[in-house]
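Here the structure comes first, spelled out in structure tokens, and everything after it is commentary.
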Amino acid sequence: MEYNPQAIERKWRDYWEKNEIYRVSNESDKPKYYVLDMFPYPSGAGLHVGHPLGYIASDIYARYKRMKGFNVLHPMGYDAFGLPAEQYAIDTGIHPSVSTDDNIKKYRSQMDNLGFSFDWSREFRTSDPDFYKWTQWIFQLLFDSYYDTGADKAKPIAELIAHFETSGSEGVKAANQNDQTFTAVEWKAMSAVEQSDILTNFRMAFRKVAYVNWCEVLGTVLANDEVKDGVSERGGHPVEKRPMLQWSLRITAYAQRLLDDLQTIDWPDAMKTIQTNWIGRSEGAQLFFDLAGHDEKLEIYTTRPDTIFGATYMVLAPEHPLVDKITTKEQRAAVTEYLEYTNSRSERERMTEVKEVTGCFLGAYAKNPFTNNEIPIFIGEYVLMDYGTGAIMAVPSDDDRDYAFATKFKLPIIDVIDKSKYPAADRHDKLGIMINSGFLNGMEVPAAITLMLEKIEERGIGQRQVNFRLRDATFSRQRYWGEPIPILYDADGVPQKVDLSQLPIELPPLDNFQPTADGRSPLARKTDWVNQDGMTRETDTMPGYAGSSWYYLRYMDARNHDAFVSKSAVNYWQQVDLYIGGPEHGTGHLMYSRFWHKFLYDLGYVPTAEPFKKLINQGMIQGVIEFLYLSKSEDKKKRFVSADQVKNIEAYARIPVFIDFVSDYGSKDSYLSPQGIKQFVAWRTDYVDAVFVTEDGEFKVGAMPVTFKFQTHSEVGKMSKRYFNVVNPDDVVDKYGADCFRMYEMFLGPLEHSKPWDTQGIDGVSKFLRKMWGLFFDKNENFSVSDAAATPEEMKVLHTVIKKINSDIDRFSFNTCISAFMVATNDLKKMGTNKRAVLVPLVQLLSPFAPHVAEELWQRLGHEGSVTTEEFPQHDEQFLREDSITYPISINGKKRMTADFAADMSKEDLEKAALALPDLQKWIEGKEIRKVIVVVGRMINVVV
RNA sequence: GCCCUUGUGGCGGAAUUGGUAGACGCGCUGGAUUCAAAAUCCAGUUCCUUCGGGAGUGGGGGUUCGAUUCCCCCCGGGGGUACCA
């Protein structure tokens, strides 16, 4: 019988579903293992061949672990809230829940096509009220908690309130914004509003006015990781900084722990570095400068207290609260003008035009506490309000930006570090000998920093401080399609959490999804929903990352109505053992999940400090983009030139063409035939009268000779709708089968690498599967397996592949697994093997990779039940033993010949035997043998 | 700019601790089969060569009996981040 993947695959998928083969229990004597994929956002485009790469790898690993005796949790769901569905709703009027539902159905059918072993009984989407009830519950937990910096963990806010009631603010160690002090009596005398305002400074979920990223086009605020290069990550719309009252999460309280615990997890170095940089820890000093003529002190942060003798001026952020107060009359007009200028600049302009220094003198002066000189105070764009204190001491001699600023405004520059000993050092490197710096003179920089920190603390003008670049996470979104923030405001505007019995706060139906111009959520229009017995609802919704910050916990106990996850379930599954997903989530999802997880850990809801023990970032599968060169010049519009005739690329626009029209697609010589040109102009009808130029001349559509070849330009790039190069896995599966598709995706190369998709290459894997299938059938295509004993050669082939597959899966090297299968199959075919003793383990070995065909062969071999529950084969060294070894023999490290020697020969005997080889004589003749290196079992090297 | 990562035949890639560079597959070339094509099968395929051999893992240098692998410098690709004081 011929290998017919379509028939086999349907049969076994039905079998798996009917028998619930992949359903996993939370109760088992087996050790547990949790394999998770980053769940998809179901976009309208469906899956392309790149998406399943990680799912295939995790599926193979999950199947392997099952066969190795683990109870494996391997779930899937959907990240269903988010901007694209809402933008789609605005454009089409189709409710996001409807389009999301359609998209999910499509995703599900595409995934079902691939034979994954997900336990679908645990499936959910983040937009299910049953799920987001618990997202809201966690938010309330954050609202109800504060961070105790003494105990270094989050605690219930009730404990803080109890402390205020007995001791006031005395002795409180907590992560907060401002250090108000009050007694217990004063606390009790405060109004509810006053108390609430104070507590806001401590809550893990809190409201504050902050300079946030406001995106006018999207009508919402965005988190820092949702802004790339000064524009919104979704849609690329301009973003500006605006002070707005917003919900935020106090992730900064966890900065140090998020940094430290990176040491404890098995993640790629790249991912750890991304997070380390994003957290951006720096050590330095908080320092107070006296202001001339004012009582206030100016607080700054510096990592270079050693350079303070070189601080010749100061710079504040334009938004700094002291600016208005200390600006002198004479400078008022200039300052106002400068502030108008900075306000007019978008975030993007500010970021892209960093070369140019701008600033304005305030007329005010501060006193350098060590030189006692009065130094001028400026405002400047290069100082950011939301880092440090929004103010700096400027040391032009040792900071590039300060230097540029000082040069432009003709401010004094005092050299304080002699770098002549370190010629390679840059201005900002912490290297050199202190000069012009009073008591620091002659010291090396690191020692000077230490001494200066001591002096500062001794004099009481500041203290050591660790600063983080990490910002608190903006949590409000002025959008419809997200989880409503479960907060009610009373008549005084004091926020109260909604009672658990009232959760979930479901999204009310809405017809108009258009964002409002005044920065309020579309939900604000729904007044009957907003007003609740004298209370008003919060109308902002949660950001896209809310649900994904904890979804992996929900899979442990997905249908629980009484808790986000039961104690017993989370104690059993603990954490995700293996997490596979793209590397684009380093500063978003993976940061927030770690934060939420640690928070839940502090409050005793989860037993581990980290959510994801091991992380693998799969690479992207790229597509080939086919372009046509179109002349840019006005008079030659609609003139396409064959790629081989193009000399000056600048003169041509590149028009992407649908890849199905292109012959020899993806190759250097890809071209459009007359047929391809016809398809192209039928698709892009505006080019129906265009001219196509090749070396043979100019041709109009329809007037080309049969041999006409118009070369296209091929380039590797993203697989995307806009390049018309998307390959749908469904089409590949239709033609080759899911087993073949799965193995081919793995065969393409290492999981972590990005690599281009090449449909042509799949033939190799397809041939392999047929060859492998052929081992079980005789010449007349009848199933025919022999019970005869296997030969030592056959056993050697079998155990070689068993050993290789085991070790390669363990190190996630799936591409070499496929090669090993091919090698084994080729060898067995040459030997004409059809022995049961060889084929049974081979089928077991194959089943994680090609589960459908493995089930079919397993059944034909006479077994009942599924091969997926069988034990994974283990190799036996005795079958791998060799009597003789082929040694490579090198002269001076260059291989010249090989020779077979007995495997048990000693080093000395090998040396003697090798030197006696007749072939060797011409190489050593007349030369002195200096040394012979023999590595038993490996190689022999003769040095002459 | 800084940080991470990557560079091996025409292509995807292999070489797990420094030990036969190019496994496996695609493509290509030749052959068999066929009226022919597709499919299939067999053989060859890093480059140069005077057929002895020589060169070769982005480039240059180093350590070593031996380097794709370790060290230093430089160049290219991909990603992250960016007035962070």
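Quantities reported herein were computed from a predicted structural model and do not represent experimental measurements. Side-chain atoms are counted along with the backbone in the values below, which use heavy atoms only and exclude waters and symmetry mates. Letters A, B, ... mirror the listed sequences (proteins, then strands); counts begin at 1.
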Next on the checklist: Applying a 3.5 angstrom cut-off to the pairing atoms, does RNA chain B sit in any stems of at least three consecutive Watson-Crick or G-U pairs? List them by first number.
Outcome noted: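 The stems are B:1-7 with B:75-81, B:10-12 with B:24-26, B:27-32 with B:40-45, B:46-48 with B:53-55, B:58-62 with B:70-74.
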Next on the checklist: Whether A:R469 contacts B:rA82 is assessed here as follows: a side-chain N or O lying under 4.0 Å from the phosphate OP1 or OP2. Is that the case?
Outcome noted: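 Yes, such a contact exists.
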Checklist entry - At under 4.0 Å, does any side-chain N or O of A:Y387 touch on OP1 or OP2 of B:rA85? => result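 Yes, A:Y387 has a side-chain N/O under 4.0 Å of OP1/OP2 on B:rA85.
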Within the distance-only criterion (no hydrogens, no angle test), does the side chain of [X] pair as donor or acceptor with the backbone N or O of [Y] below 3.5 angstrom?
X: A:N368; Y: A:I308; value: yes
X: A:R811; Y: A:I809; value: no
X: A:N725; Y: A:S720; value: yes

Checklist outcome for this item: A correct 5'-to-3' footprint of nucleotides 23-29 of chain B, with B, S and - meaning base, sugar-phosphate only and no protein heavy atom under 4.0 Å, is BBSSS--
Specify the separation, in whole Å, of atom [atom1] of [X] and atom [atom2] of [N].
X: A:E745; N: B:rG12; atom1: CD; atom2: P; result: 17 Å
X: A:D386; N: B:rA82; atom1: CG; atom2: C1'; result: 14 Å
X: A:D400; N: B:rA85; atom1: CG; atom2: P; result: 12 Å
X: A:L590; N: B:rG80; atom1: CG; atom2: C1'; result: 14 Å
X: A:N806; N: B:rU16; atom1: CG; atom2: P; result: 18 Å
X: A:I274; N: B:rC3; atom1: CD1; atom2: C1'; result: 10 Å
X: A:H753; N: B:rU8; atom1: NE2; atom2: P; result: 11 Å
X: A:L915; N: B:rC65; atom1: CG; atom2: C1'; result: 14 Å

Which nucleotide in the set [options] lies at the smallest distance from any side-chain heavy atom of [X]?
X: A:W278; options: B:rG12, B:rA85, B:rU81; result: B:rU81
X: A:I392; options: B:rG13, B:rA85, B:rU16; result: B:rA85
X: A:K755; options: B:rG13, B:rU16, B:rG54; result: B:rG13
X: A:T273; options: B:rA85, B:rG12, B:rC3; result: B:rC3

Under 4.0 angstrom, heavy atoms only, what part of the nucleic acid is [X] near: base, sugar-phosphate, or nothing?
X: A:P750; result: sugar-phosphate
X: A:K829; result: nothing
X: A:R281; result: nothing

Checklist entry - Is the cationic atom of A:R594 (NZ for Lys, CZ for Arg) positioned less than 6.0 Å from the six-membered ring centroid of A:W278 and within 45 degrees of its normal? => result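 Cation-pi check for A:R594 and A:W278: fails.
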Between the protein and nucleotides 18-22 of chain B, which nitrogen or oxygen pairs are less than 3.5 angstrom apart?
from	atom 1	to	atom 2	distance (Å)
B:rU20	O2	A:K895	NZ	3.2

Nearest-angstrom distance, [atom1] atom, [N] to [M]:
N: B:rA38; M: B:rU20; atom1: P; value: 41 Å
N: B:rG56; M: B:rA21; atom1: P; value: 13 Å
N: B:rU46; M: B:rA14; atom1: C1'; value: 15 Å
N: B:rU6; M: B:rG54; atom1: P; value: 34 Å
N: B:rC42; M: B:rG52; atom1: C1'; value: 32 Å
N: B:rC28; M: B:rC35; atom1: P; value: 25 Å
N: B:rU57; M: B:rC70; atom1: P; value: 15 Å
N: B:rA23; M: B:rG13; atom1: P; value: 15 Å

Whether the [X] and [Y] side chains hold a donor-acceptor pair (N or O, under 3.5 Å, no angle test) is what I'd like checked.
X: A:T816; Y: A:D808; result: yes
X: A:S766; Y: A:R770; result: yes
X: A:S282; Y: A:N467; result: no
X: A:S754; Y: A:Q622; result: no

Item to check | Evaluation steps, side chain to side chain contact (heavy atoms under 4.5 Å, CB included), between A:M772 and A:F821 | outcome: CA-CA 9 Å; A:M772 148 99 207; A:F821 277 122; 5.8 Å; no
Item to check | For A:L316, the option from A:I392, A:V383, A:T389, A:I377 that meets side-chain contact (heavy atoms from CB on, under 4.5 Å) | outcome: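 Answer after filtering A:I392, A:V383, A:T389, A:I377: A:I377.
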Checklist entry - Is the base of B:rG52 syn or anti, where syn means the angle lies within 90° of 0? => result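 Syn, since the glycosidic angle lies within 90° of 0.
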Item to check | Glycosidic class, syn or anti, of B:rG9 using a 90° window around 0 | outcome: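 Here B:rG9 takes the syn form, which means its glycosidic angle is within 90° of 0.
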Checklist entry - So, for A:C740 and A:I762, which heavy atoms are closest and what is the spacing to 0.1 Å? => result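 Closest approach of A:C740 to A:I762: SG-CG1, 3.8 Å.
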Item to check | Where A:D386 and A:R471 come nearest, the two heavy atoms and their spacing | outcome: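 A:D386 and A:R471 have their closest heavy atoms at O-NH1, 2.6 Å.
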Checklist entry - Closest nucleotide of RNA chain B for A:G390 versus for A:S807: which of these residues is on the 5' side? => result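 Whichever sits nearer the 5' end wins; that is A:S807.
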Checklist entry - Between A:A270 and A:P583, who's closer to the 5' end of RNA chain B by nearest nucleotide? => result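 Nearer the 5' end of the strand: A:A270.
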Next on the checklist: Are A:F405 and A:F378, when compared by the centres of their aromatic rings, separated by less than 6.0 Å?
Outcome noted: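 Yes: the rings meet the under 6.0 Å criterion.
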Checklist entry - Would you call A:R281 and A:E283 a salt bridge, using N to O less than 4.0 angstrom? => result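 Counted as a salt bridge, because a side-chain N and a carboxylate O are separated by less than 4.0 Å.
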